[in-house]
Every structure is written in structure tokens, then in C-alpha cells.
*Asks:* 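The following block contains the structure, expressed as C-alpha cells.
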Amino acid sequence: MSQALRRAGTVDPGALRRTMDIVKPHLGGQRWLMSGGVTALLFEVAFRVLEPWPTKYVVDAVSAQLGASVPGAPEATAGLLVACAAAVVLIVGLRALTNYLATVCFALAGSRVATKLRAAVFAHVQSLSDGYHATSKRGDLVQRLVGDVGKLQDVAVTAGLPLIANVITLLVMAVVMFVLDPRLACVVVFAAAAYWMTSRGSTTRITQASRKTRKGEGQLANIAQESLGAIGVVHAYSLHGEISKSFSGSNMKTLKDGVQAKKLAAGLERRTDVIVGVATALVLGGGGWRVVQGGMSPGDLVIFLTYLKTAMKPLRDLAKYTGRIARATASGERIADVLDVLVDIDDEPGAVPVAQVRGDVALRDVWFGYLPGEPVLRGLDVTIPAGQRVAVVGPSGAGKSTISKLLPRLIDPTEGAVCLDGKNIRGFTLESLRSHIALVPQETVLFSGTIGDNIRYGRLDATDEEVREAARKASAHEFIEEMPEGYDSYVGERGGTLSGGQRQRIAVARALLRDSPVVVLDEATTGLDPKATSAVLKAIDHLTVDRTTVAITHDAHLALGADRVLWVENGMIELDGGPMELMSEPSGRFAAWVSTQRHAKEVS
Ligand code: ADP
């Protein structure tokens, strides 16, 4: 499609189509509300068209009376006046009622669709892989989820609905005007054509400016989210000034783009005002002349003028609404962009739920890289029998944490296979696979809620007693009981009120509650002081009994207590054996690592 053709549309058609595509699937359930709304809307249009007719009859009757040489039948005129007055009240009342019904129906449908759309976008965002989330901006995502979906809903009700009503009213009134006087009706057509000419181009520019504003708002949310998320660091390094500077910079830019969009929309509206003024002047002059010549009745002129005014208001509002719709489609596009990101890790076709699991784990010639052509894991081959506790150690950046992501399928190997009980895990449904694996990460995230709830995230149907039992085994019961409200104590976002060691023990309790045959620990004791480390190690001892354990660790104690140690370097398993065996291995790498880690702990 040529650029000129594309600009001729009132709203960027590509953006509008993408917005409609994301909304459409959620409209199905609202069929009744939508058709109720449309019916009420059509009735409202009919009443709007009928509204000036009583006035026409009154004006015609009165002017006939005044023009008659002998005043006669004043009773008949009085009767008509009363009937017309009653008709006005009835028409206005019914118009108000139908308008109310249409607005309520569309508002209800709008909020239901927005709720569904938001849930769908959130579910989609949650199903996207770690790789996506590692590179995406969280604040911007939240902005799309909350702000953009809200904007779309708001505009659908406050602009989409009146726009449809206006277009129908305009068409019906045009038909009535053509029947009354085709020549004067042409004035309205010229006015509509003039509007179309002036709005060309403007709306495309409005969409572009709006898109920039929404993007800027996303950036603002990112800066705020990042700095508030690390407020401790901001305070400690006195970064307030620096961050405020970049915040105000983005803030100013968003303001400028916002003003630009508003300026363009306001310009378009005012140009429409002028067109409406000229059209009214033409109808007033031309129509008056026709009445004097006897070509039409004074009542017809009243209908014409009222229609022109009523029809031109929708025309003028079209500019306002198209501006708003252009802004909404910019929001729609931002949501569509998120929905277009493919879910790269999902259930494979024909995937089955995991049945009874023993816990044999195997990596078969596994290759993986975050970026094409830069492998992080290079042909890992290892078989771990059920119940074996394996520590994975090695230099930083060797790919250890990447290994821990393979089992719960946070990433998929680019080549090779990860097997559970001899079967490729890609053959299992994601949810059932993950329910058989407990992960204890380096930094445990606690969700807003009570401590009890946070442990229960391990298994949602666990009883209170099971939650307590898990906490006991994870050496968390005592400190929880000492808190003012015990298990009902509220922990803030990210668990800021608990120490690192306490958070890790909650994570272990969560994993214990899951009671899964396979446990993955990703540097679960890193960053803890010796006392907290020994409490967490004790908890881990309980957790890993008789479970296949893959522990990525920097802790010499944990490595020496394992059944087997894998030394990973450059994405390959370079040493594999019992801890004592590796201590006396000729290269001395493991022994050197153990003494370094011990020394580091003593110093800390
Ligand atoms: P280790 O746990 O042994 O320190 P990692 O598995 O965390 O090593 O990382 C291995 C390599 O992969 C490093 O070079 C790191 O920079 C890179 N890496 C880790 N996570 C990502 C990611 N999300 N995107 C791109 N590269 C990554």
C-alpha cells in the first residue's frame, strides 16, 4: 500500500488491525452485552433524528396561523402545541434512557474484555522463558500490562462507542436532509469532504507522537522500578541525584511528546470548527432564501439547521475521537508486541504427564548457548543415579548455573537431551515435570503475603501441619515462632524483613513441602555468613536425603559432603568422582578450590 493511501486513513490501519486482533478473541463471551448495546445505540440514533420534528410542526403551525388573514381554529393549534411539547419530553427521555443503556452495556463489555486481555497478557508474559525476562525491561512490561490495557478499555468505551453512534447519526441525518432538500444537503457532504481533507496526515502524526509518549512512559516506569528495587544501593552510593537526573530527563521528553500529540489533535479539532461555521452560514443563507421563495417550509429550515448542528457536532467529535483512538491503538500495538513474542519453552506436541519418578537424571551430549555461535555448555555427558547427591563446582562463568536451569526446563539444550528416568524431559508436560523438581535458588524471592503462604507455594494443597513440619525440618520453625504473629506474620515484597539465611531456610522448607524426587540447588548458600550458612546447610541435609540432588555450590563443606563432585570448566565436565578421589587427583584443581573456599569463609 502506498504511503499516501495509508495516510489517508483516519487512524493508522496497521495499528488498528493489530489492536482489533488482540481484542477479538475476548469479545466472544460478550456477544449478548454487545448486541444489547448496539440495539440501544440504534434506538438512541433514531430518537436523536426524531428530536427536532415536534419543533418543525410547531413552527409550521404557528407561521401558518400568523400568515392566515383570518385567525381560525386556535383550539386545533393549541392541541398540536401540547402534543408536540409532550413528544419532546418523551423523545428526550427515551433518548437519555437508551444512551444510558448503551453506555452501561459497552462499559461492562469493555471492562470484561480488558480483564480477560490483561489475564491473557500476564499468562503469556509468565510463560516466556528466562532468556526473555533476562533481557526485557520489567517496568515497561508492567506499564503495558496495567497502563496500556487500561487505556485501551477506557478509549473503547469513551471514544469507540460515541464514534460508532456519531457515524450512524451522520448517515441517517444525511439521508433525511437529502429527502428534504438535496441542494442544501450537498453542503453537508462538502463539509464532510473538507473534514476528510484536513484530517489527512494529522492522524498518522498523532499516532506517531502517541506511540513515542507511551514508550517514554514505559522508560519512566523502568527507571523508577530499577531504582526503587535497589533503593539500598541508591542510598549507600548516594545515587539520588544521578538517578533523579535521568528520571527527569525521560520525564521531560515524555512531556514534550505528549504535548506534541495534544497540539496536533487540538489543531485538527479547531480546523473542523471552522468548517462547521462555514457550513452553518451557507445553510442559513441558502435555506432562508428557499423559504422566502416558498421552496420549503420554515419548519423544514428548522429541521435543517438543527440537523446541521447535531450532525456537525459528531463530525467535530470525530476528530477528538480519532485522536483518542489513535492513542489507544498505540497502546494496542504495545500489547500486541508482547503477545507476539513466541513462547520458546512450551509443552511439545504429544507431551505426557510425568508418571511415578525414581529420579535417575542424565545429560546426553548437551550443548547450549544464550547467543548463537557462543556455546556456554559444550557436550555435557553425565548420568546421575536416583538418590545420588552431586555437587557441581568450578570457576565462575563456567556454565554451572546454566546447568541448573536445564532440569526444570527454564532453558532447552540447543543439542542433545536431558533425561529423567531414561526419558527425554521434552516428552513430559512442563507443569508435571516442574512439580517433580524442587529448586532452591541463590536469592530466594518471597512474595507479599504471610510466611505460611510463602512456604505453601511449594505445594498449594499442603495442610498447616505439613507447612510446620517442613519448616521444622528446614530449621525455620523456631525463628518463625519467635515472630510476633508466627506463621501469619506478613513479609513485605522481596522478603525485606528477613535475613538472607532466614529466606533461604524458607526456600528449603518450600522445597521440602514439594516432596519431589529431584532437588536442584543453585548456590543456595552464597553470600551468607558462616552461622547462617551452617543453618542452611543443616536444612539442606534434611532436604536432600534420598533425593537426586544437583547442587551448584561455592561451599567446600557442601561439596565435600556430596556423594560425587563434577568439576565444570569452559562448559565441560573436566573432573568427575567422589570428593576424596578428586582431592587427591593429580591436577590439584579441586583441592586448591577447597582450600580457597575454606579460607574465604574463615576471613568472612
Ligand atoms: P557460573 O554459574 O558457572 O558462574 P553461568 O552459567 O552463570 O556460570 O554463566 C555461564 C556463561 O553464560 C557466562 O559467560 C555468562 O556471562 C553467560 N550467561 C549467563 N546467563 C546469561 C543470559 N541470560 N544471557 C546471556 N548470557 C548469559
Side-chain angles (χ1 to χ4, degrees), residues 125-141 222 225-226 229-230 341-346 361 363 365-382 384 389-416 418 425 437 439-445 500 504 507 519-528 533 536 540 549-559 562 564-576 579 582 587 589-590 592-594 596-597 600-601:
V125 168
Q126 281 199 315
S127 65
L128 293 176
S129 67
D130 271 28
Y132 172 80
H133 287 289
T135 51
S136 73
K137 301 275 183 189
R138 225 168 273 176
D140 185 53
L141 267 182
N222 278 337
Q225 204 255 347
E226 263 174 25
V341 180
L342 290 179
V343 177
D344 43 2
I345 295 183
D346 204 353
V361 168
L363 305 185
D365 193 23
V366 167
W367 287 75
F368 175 81
Y370 292 96
L371 303 171
E374 289 180 29
V376 170
L377 304 180
R378 304 152 187 262
L380 298 185
D381 238 323
V382 61
I384 304 171
R389 300 204 265 187
V390 177
V392 179
V393 298
S396 173
K400 304 184 298 294
S401 289
T402 308
I403 296 176
S404 76
K405 293 180 192 162
L406 287 168
L407 266 172
R409 280 194 71 200
L410 301 178
I411 52 169
D412 274 337
T414 33
E415 263 179 61
V418 180
I425 56 172
I437 294 166
L439 177 74
V440 180
Q442 179 179 354
E443 232 193 279
T444 296
V445 175
Q504 288 310 78
V519 173
V520 178
L521 306 168
D522 184 11
E523 303 190 14
T525 57
T526 302
L528 300 181
T533 304
V536 174
I540 287 176
T549 307
V550 178
I552 317 297
T553 186
H554 283 301
D555 192 276
H557 186 86
L558 188 57
R564 179 178 174 190
V565 174
L566 301 178
W567 178 270
V568 175
E569 200 164 339
N570 290 323
M572 290 180 283
I573 298 171
E574 299 212 334
L575 303 173
D576 176 0
L582 290 204
S587 79
R589 275 183 280 183
F590 182 60
W593 177 86
V594 168
T596 318
Q597 299 306 325
K601 271 280 172 221

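This chain uses plain numbering: 1 for the first residue, then up along the sequence. In each ligand, atom 1 is the first atom listed, and ligand 1 is the first ligand listed.
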*Asks:* D381: what forms a side chain to side chain donor-acceptor pair (under 3.5 Å) with it, not counting sequence neighbours?
*Replies:* none
*Asks:* With a 4.0 angstrom cut-off on heavy atoms, strictly below it, pick out the residues next to ligand 1 and order them by chain and number.
*Replies:* A134, Y370, V376, P395, S396, G397, A398, G399, K400, S401, T402
*Asks:* Run the side chain to side chain contact (heavy atoms under 4.5 Å, CB included) check on I552 and Q442 step by step: do they pass?
*Replies:* CA-CA 10 Å; I552 317 297; Q442 179 179 354; over 6 Å; no
*Asks:* Suppose we screen for side chain to side chain donor-acceptor pair (under 3.5 Å). Which residues come up paired with D140, at least two apart in sequence or across chains?
*Replies:* R144, R334
*Asks:* May I ask you to test the H554-K400 pair for a side-chain heavy-atom distance under 4.5 Å?
*Replies:* yes
*Asks:* For E569, check side-chain contact (heavy atoms from CB on, under 4.5 Å) against everything at least two apart and list the hits.
*Replies:* P395, W567, E574, R589
*Asks:* In terms of ring plane angle, is the pair F590 and W593 parallel, tilted or perpendicular, where the classes change at 30° and 60°?
*Replies:* parallel
